[in-house]
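These notes are about the structure you will find just below.
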Amino acid sequence: MTADSEDRRDFLYLTGAAFGAVGVACAVAPMINSLNPAKDTLALASTEVDISAIPVGESKTVMWRGKPVFIKHRTAEEIAEARKVNVDVLPDKQSDEDRVEKPEWLVVVGICTHLGCVPVGQKTSDAHGDYDGWFCPCHGSHYDTSARIRKGPAPKNLAVPPYEFISDTVIRIG
Amino acid sequence: MGSSERTVFENPVVEWIDSRLPVFTMMQKEYGVFPTPKNFNYLWNFGAIAMFMLVTMIVTGIVLAMHYTADVTQSFDAVERIMRDVNGGWLLRYMHSNGGSFFFIAVYIHIFRGMYYGSYKQPRELLWILGVVIFILMMATAFIGYVLPWGQMSLWGATVITNLFSAIPLVGDSIVTLLWGGFSVDNPTLTRFFALHYLLPFVIFAVVFLHIWALHVTGSNNPLGLEPKTEKDTLPFHPYYTMKDSFGVVVFLLLYAYVVFFAPNMLGHPDNYIPANSLVTPAHIVPEWYFLPFYAMLRAITFDIGIPFTDIVIISAKLGGVITMFGSLLLWLVLPWLDTHPLRSARFRPLYKKLLILLVLDFIFLGYVGSQAADATLLGIPLSVFGLIATGLYFAYFIVILPWLSKNEKGRELPASIHEAVLAKNKK
Amino acid sequence: MKKHLLILLSVLLVMPLGVAIAGGDAPEAEHQRWHFDGHFGTFDRAAQQRGLKVYREVCAACHGLKRIAFRNLEALGYDEGQVKAIAGEYTVEDGPDDEGDMFERPARPSDRFPSPFANENQAKSANNGALPPDLSLIIKARHHGPDYVYGLLTGYEEAPEGTTLLEGQHWNKYMPGHIIAMAPPVSDDQVTYEDETPQTVEQYSKDVVEFLAWASEPELEERKSTGIKVLIFLLAFAGIMYAIKKKIWASVH
């Protein structure tokens, strides 16, 4: 066998192997991609909520993408309490102004940033923790009236989902 | 499986593993240097192609199972959701539904290749029997898989086929109730079928492993049916047959892809896009194409068998049909003992060759009969008459013709060796 | 020998085709030319939009389309705003609300076409006992679906002499058994097209089939265009594997 024909053979082998690899990759890719959220799941990724019926001082829980979202109609005292805190002393430094669209409405994902439990504090009769917000019973994380972490193992504030007011009484989450 | 002779590998990692678990030695022995007759034709590709299809079915099936729900109120919708909303779901489902058909195409060709070249003969009887077991398992898997989309054909196909078992004397009805988990094909049936449809492919995989193991004990048959005598008769499996098989697989893939992308419902039945309805039976229940010859044999027996001139029925038409259908498969199991002719390959048995081709045509004709409505006619004669004749021919071939040929057919003279035959052919 | 094998092989491969074609005792509808036919066929967006109009103004009175969500209509060439507007014209039931009551609200793009009847029994009792099938899959659920549905819509004729039709029954050339409960659904000029397209029963039927074919197989365009790429790839791959095989086997014999 001459060097030339050996080169040609090696080239053929390489091309064949490359085609095989590309073929397998192209076959596997759609299978993995099929595990991503389907189109109907994505279509439900936003939800509209009528907040007109929530009295001052009370809150409502709605489901969004399979997760509870806390919508709190805050009192003036609660807003004042959230705003007077020195941001620099917080574990997760965020001012209340950055966390709300309108001061009287707080919208957060109700999932503790520690290990994913749902904190209590939605009902007026619930425990509210040391900072008058929410309290996670799993491992004792305390959240304030802006749902920021103040005490306990959770590393971050309750997340604020993307939302907008489409009218004075309706918000769209997602 | 523990082999005392181990290959020494240069790569230290491979060597480390191999000295503890000699998988590389095994691969090297069974797929690297494995001596394989050098005169295979392209029909010998279909084993590898069938293996490829089995893997394709298992992989697409596992992903589909992640999107599927086995529940009579939800299954049809779950499948439609896969078709419409799941990313690339239509591709997965069409690959799977047509993959079943192409798996059967490959396996049917593989089986008839085995018959043509006498691959079932001593010492490969067990290899052949394991193959028939795989085929029967495939039929079971395909049948219950067809039930899962819960369309009209799913429900009514399942009803008709499970009712076969009611033909068994005494315990038949109890068996059917047990299969159904109720009093008709319903939710319990669907959920257990799903569980079994997930399980059986892995059983098939295990039997395929035994099939290949048995193959590697005896070595492959070949178009001449001669055992390799010297090294001149064989080639190492790699690269000769790995590359030839890869080529065959890609060509087969071309046909498969063509159907998946351009005629994905050609082999299916439109009625299965109508959600299952236990109040409406489709005008014409047909199984998937790969069952049709057997379905025709099931329907061929339309009369009770009993003592003449009395009303005593020994075998009812229903039981007769069931026995005929299962019998037609059992004949394959005992084929090595029905055809005991010393020559393997049909190349050297002109009469056998003609009759086998006749059998294949008969089998295809049975498929046509099975696809037609029960009251169809051909040339003005009820089709069931042709069905009965074709069924009779099928059984006669195995029970009468093969044993007779084994005793009486004078074969042609065999070449001295595979090598010489190949040389002679190349000279021409 | 080789010849025999080839014949056997091709017969085995062709067998399923023959079987698929066989069967079905309905008179075969004439084949029409469809924009989505063939290996490169795509849907005709304008015809689909007209077909949607026909569906909404005619078929939707009795036939549901429950597998199609309004968001899917973007495939017909509508933008997000237009889809929202179409959805907004429908009311769907939602709930329960905080008091536990079901309530009605305008549909959103994520909603599916509401069915004209609350359940099958209501549909049957409103239609003389016949159930108008949901149309989401009708094209795939009939042999030669597009031609059949077109044939059915245009196939109403006077019943031949000697046929007695009960009340609520009609004679149709392409219906299996010829007797159909659906009255001729559409007549010329019933639906107003905004462009110059002729407002005839034939045109309405063609357009609605174009729309329903998409409803049955929304993946058709993606499927065919992917298929062409896959076949080209596999052809090249097969060529390379053949060359490799030949090269390796060249030294044998």
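Note that this is a predicted model, so its numbers are computed, not measured.
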Got a salt bridge between Arg112(C) and Asp85(B), using NZ or NE/NH1/NH2 to carboxylate O under 4.0 Å?
yes
Go through the steps to decide whether His143(C) and His269(B) satisfy the test side chain to side chain contact (heavy atoms under 4.5 Å, CB included), and finish with yes or no.
CA-CA 8 Å; His143(C) 280 287; His269(B) 196 289; 4.1 Å; yes
Neighbour count above 12 (heavy atom, 6.0 Å) for Glu30(C) CD
no
Close side-chain approach of Phe261(B) and Ile228(C), heavy atoms under 4.5 Å
no
Measure the spacing between CZ of Arg84(B) and OG of Ser216(C) and express it to the nearest 0.5 Å.
6.5 Å
Chain B contact residues among residues 120-141 of chain C, heavy-atom distance under 4.5 Å:
Ser136(C), Leu137(C), Lys140(C), Ala141(C)
Taking every non-hydrogen pair under 4.5 Å, which of Leu235(B), Val260(B), Val249(B) racks up the most with chain C?
Leu235(B)
Give, as side chain, backbone, both or neither, the part of Ala243(C) having an atom under 4.5 angstrom from any heavy atom of chain B.
neither
Which region of Tyr42(B), side chain (C-beta onward) or backbone (N, CA, C, O), has a non-hydrogen atom less than 4.5 Å from a non-hydrogen atom of chain C, or is it both or neither?
side chain
Which answer fits Ile244(C), side chain, backbone, both or neither, if we ask what part of it has an atom under 4.5 Å from a heavy atom of chain B?
side chain
I need the residue from Lys224(C), Arg142(C), His39(C) with the largest number of non-hydrogen atom pairs under 4.5 Å to chain B.
His39(C)
Using a 3.5 Å distance criterion without hydrogens, assess whether the side chain of Arg67(C) forms a donor-acceptor pair with backbone atoms of Arg81(B).
no
Return yes when atom OH of Tyr242(C) has more than 12 non-hydrogen atoms of other residues, nucleotides or ligands closer than 6.0 Å, and no otherwise.
no
Measuring only between side-chain heavy atoms, which start at C-beta, is Leu235(C) closer than 4.5 Å to Leu254(B)?
yes
I want to check something: taking the side chain as every heavy atom from C-beta on, are Arg223(C) and Leu91(B) in contact at a cut-off of under 4.5 Å?
no
Are Trp249(C) and Phe247(B), when compared by the centres of their aromatic rings, separated by less than 6.0 Å?
no
For Leu234(C) and Ala257(B), work out which heavy atoms get closest and say how close.
CD1-CB, 3.8 Å
Is Tyr94(B) in contact with chain C via its backbone, its side chain, both, or neither, using a 4.5 Å heavy-atom distance?
side chain
Rounded to the nearest 0.5 Å, what separates atom CE in Met243(B) from atom NZ in Lys245(C)?
12.5 Å
Pick one of side chain, backbone, both or neither for Ile68(C), based on which atoms fall under 4.5 Å of a heavy atom in chain B.
side chain
For Glu222(C), which atoms come within 4.5 Å of any heavy atom of chain B: side chain, backbone, both, or neither?
both
Is it the side chain or the backbone of Pro275(B) that comes within 4.5 Å of chain C heavy atoms, both, or neither?
side chain
Who among Pro239(B), Ser101(B), Ala373(B), Ser246(B) has the most heavy-atom pairs with chain C under 4.5 Å?
Pro239(B)
Side chain, backbone, both or neither: which part of Leu253(B) has a heavy atom under 4.5 Å from chain C?
both
